[in-house]
Amino acid sequence: MAVDITYKNGVLVLKRLGNFDIESILECGQCFRWERNKKNDYTGIVGKNVVRIAQTGDSVEFIGCDLNDFNDFWFSYFDLGTDYEAIIKELSANDEIMKTAAGFAPGIRILKQPLFETLVSFIISANNSIPNIKRIITSLSSMYGKRIIFENNEYFSFPEPTALANADVKDIALSKAGYRSQYIRKTAAAFMTDPLTVTMLKDMAYANAKKKLMEYTGVGSKVADCTLLFSGAFTNAFPVDVWVKRVMEELYLKEDTPIKKISDYAINKFGNLGGYAQQYLFFYARSNL
DNA sequence: CCACAGGACGGCT
DNA sequence: AGCCGTCCTGTG
């Protein structure tokens with residue numbers, strides 16, 4: 001069952017990689033900077049790292065990636081050190097709903113994304129649709145990021161806090177971020193003077209880390225939970241958006257329930273696996289409800 | 001043209 | 001403390 005890793009001519013190949021479905025991982029709403037070239041073939045930029053990933057069955061190719069890139073960055077980004085089979089087993093025990101939801105997309109993984117990038121991306125996500133969020137981030141990156149050429153195409157790294165902090169709100173608004181433009185600039189400025197790291201968040205209790213994030217302008221409960229979960233800080237974070245609210249009411253609670261109550265229910269029910277449960281439920285809801 | 005989808009904020013009870 | 005109008009953009 002062990003994963004087999006080989007590297008030749010700029011292509012790193014993982015064989016027998018379980019619980020890894022590139023489409024589920026990249027289309028489940030946790031990341032915004034991957035473009036689909038064709039089915040099961042995506043190119044993405046994370047921080048300053050660009051890579052193309054092509055999957056056939058349980059064999060996954062990382063193109064334009066050497067062993068160092070993989071060990072230093074992508075292994076952690078794709079959360080390859082975590083046993084998802086065990087997580088699904090635990091969530092599914094005595095819970096037919098989770099069994100169905102996780103069984104629907106067992107190849108989902110929760111990415112560990114750079115903190116500032118994740119925070120700003122989810123500030124942009126507030127009251128917004130996924131295609132629009134992607135457009136805004138692409139636009140901001142081309143204005144304030146660094147240009148990188150990969151496979152003869154042009155990519156731009158996510159902007160550094162300084163670049164956004166020093167930008168004019170009017171210029172940020174050219175990205176079509178709308179009223180979120182001032183949130184982006186203010187948060188970047190705060191981040192620049194008082195940088196926050198995932199390590200710092202992990203050293204706090206979950207509730208304190210969430211409070212800390214909610215001090216940034218444009219960050220409410222949902223955006224804070226998304227940032228904690230998708231930066232790899234807390235696996236118990238359970239972001240409740242309209243879809244999760246819908247699926248929780250439909251499958252578990254059977255009645256209209258305030259968001260805060262849904263959070264409490266999930267924390268109590270799923271504990272440290274809440275974040276994984278949320279992703280399975282979210283993906284299931286988007287595809288079936 | 002209008003209705004609607006998607007969360008945070010701030011002003012109001 | 002909770003309720004609700006407003007914010008911006010894209011789509012049907």
Side-chain angles (χ1 to χ4, degrees), chain A residues 26-33 35-36 113 115-144 159 164-165 167-191 196 201 206-231 233-234 237-250 253 255-267 274-275 278-279 281-289:
Chain A
L26 300 178
E27 310 269 11
C28 68
Q30 60 179 328
C31 55
F32 306 101
R33 304 214 65 200
E35 291 167 29
R36 183 168 148 158
Q113 307 178 69
L115 182 61
F116 179 69
E117 186 167 333
T118 309
L119 178 61
V120 173
S121 296
F122 282 95
I123 285 174
I124 292 165
S125 82
N127 213 11
N128 215 340
S129 66
I130 290 172
N132 202 31
I133 297 161
K134 287 183 175 177
R135 273 193 291 269
I136 293 168
I137 294 173
T138 300
S139 167
L140 281 178
S141 298
S142 69
M143 283 192 280
Y144 299 107
L164 291 172
D168 194 308
V169 176
K170 290 260 191 300
D171 291 328
I172 292 177
L174 295 174
S175 70
K176 310 285 185 187
Y179 61 87
R180 306 166 196 85
S181 303
Q182 54 174 321
Y183 302 159
I184 296 168
R185 203 203 62 76
K186 279 187 189 169
T187 297
F191 218 88
L196 188 65
L201 290 171
Y206 161 74
N208 292 334
K210 182 167 175 175
K211 249 181 233 163
K212 175 71 192 164
L213 286 178
M214 288 176 68
E215 288 171 8
Y216 295 106
T217 323
V219 181
S221 175
K222 194 268 182 181
V223 169
D225 275 333
C226 284
T227 305
L228 290 176
L229 182 59
F230 303 131
S231 67
F234 285 89
F238 190 91
V240 182
D241 68 353
V242 290
W243 288 96
V244 174
K245 183 175 189 292
R246 213 168 279 165
V247 72
M248 288 299 287
E249 287 169 349
E250 177 122 352
L253 299 153
E255 62 181 348
D256 191 39
T257 312
I259 287 169
K260 176 78 178 96
K261 290 237 179 208
I262 296 176
S263 286
D264 293 343
Y265 179 89
I267 285 166
Q278 191 268 6
Q279 278 307 93
L281 290 166
F282 178 81
F283 196 89
Y284 183 78
R286 295 284 309 219
S287 311
N288 294 287
L289 297 190

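So you know, we letter chains A, B, ... as the sequences are listed, proteins then strands, and number each from 1. Values below: all heavy atoms of this structure, side chains included; hydrogens, waters and symmetry mates excluded.
- Side-chain contact between A:Ile124 and A:Leu140: present, with at least one pair of heavy atoms (C-beta onward) separated by less than 4.5 Å.
- Interatomic distance, A:Ile133 CD1 to A:Cys31 SG, rounded to the nearest 0.5 Å: 11.5 Å.
- To the nearest 0.5 Å, atom CG of residue A:Asp225 and atom CZ of residue A:Phe122 are 11.0 Å apart.
- Checking A:Lys210 against A:Ser221 by side-chain atom types alone, a donor-acceptor pair falls below 3.5 Å.
- Comparing atom distances between the A:Val223 side chain and each of B:dG6, B:dA8, C:dT11 picks out B:dA8 as nearest.
- Which of C:dG10, B:dG6, B:dG7 sits closest to the side chain of A:Arg246 comes down to B:dG6.
- Between A:Leu196 and A:Leu119 there is no side-chain heavy-atom pair separated by less than 4.5 Å.
- Below 30°, between 30° and 60°, or above 60°: for A:Phe191 and A:Phe116 the angle between ring planes is between 30° and 60°, a tilted geometry.
- A:Thr138 is not listed as a side-chain neighbour of A:Arg135, based on a closest heavy-atom distance of 4.5 Å or more.
- Residue contacts shown for A:Thr217 are limited to sugar-phosphate atoms, with no base heavy atom under 4.0 Å away.
- A heavy atom lying under 4.0 Å from DNA chain B marks none of the residues of residues 281-289 of chain A.
- Between A:Trp243 and the phosphate of B:dA5, there is no side-chain N or O to OP1/OP2 separation shorter than 4.0 Å.
- Here A:Thr118 contributes atom OG1 and A:Leu213 contributes atom CG; the two are 10.5 Å apart, rounded to the nearest 0.5 Å.
- Note on the helix from B:dC2-C:dG12 to B:dT13-C:dA1: angle between the axes of the first and last five pairs equals 40°, rounded to 10 degrees.
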For every nucleotide of nucleotides 1-8 of chain C, 5' to 3': is a protein heavy atom under 4.0 Å from its base (B), only from its sugar-phosphate (S), or from neither (-)? ------BB
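- Residues A:Gln279 and A:Phe230 are in side-chain contact: their nearest non-hydrogen atoms beyond the backbone lie under 4.5 Å apart.
- Taking 4.0 Å as the cut-off between side-chain N and carboxylate O, A:Lys245 and A:Glu249 count as a salt-bridged pair.
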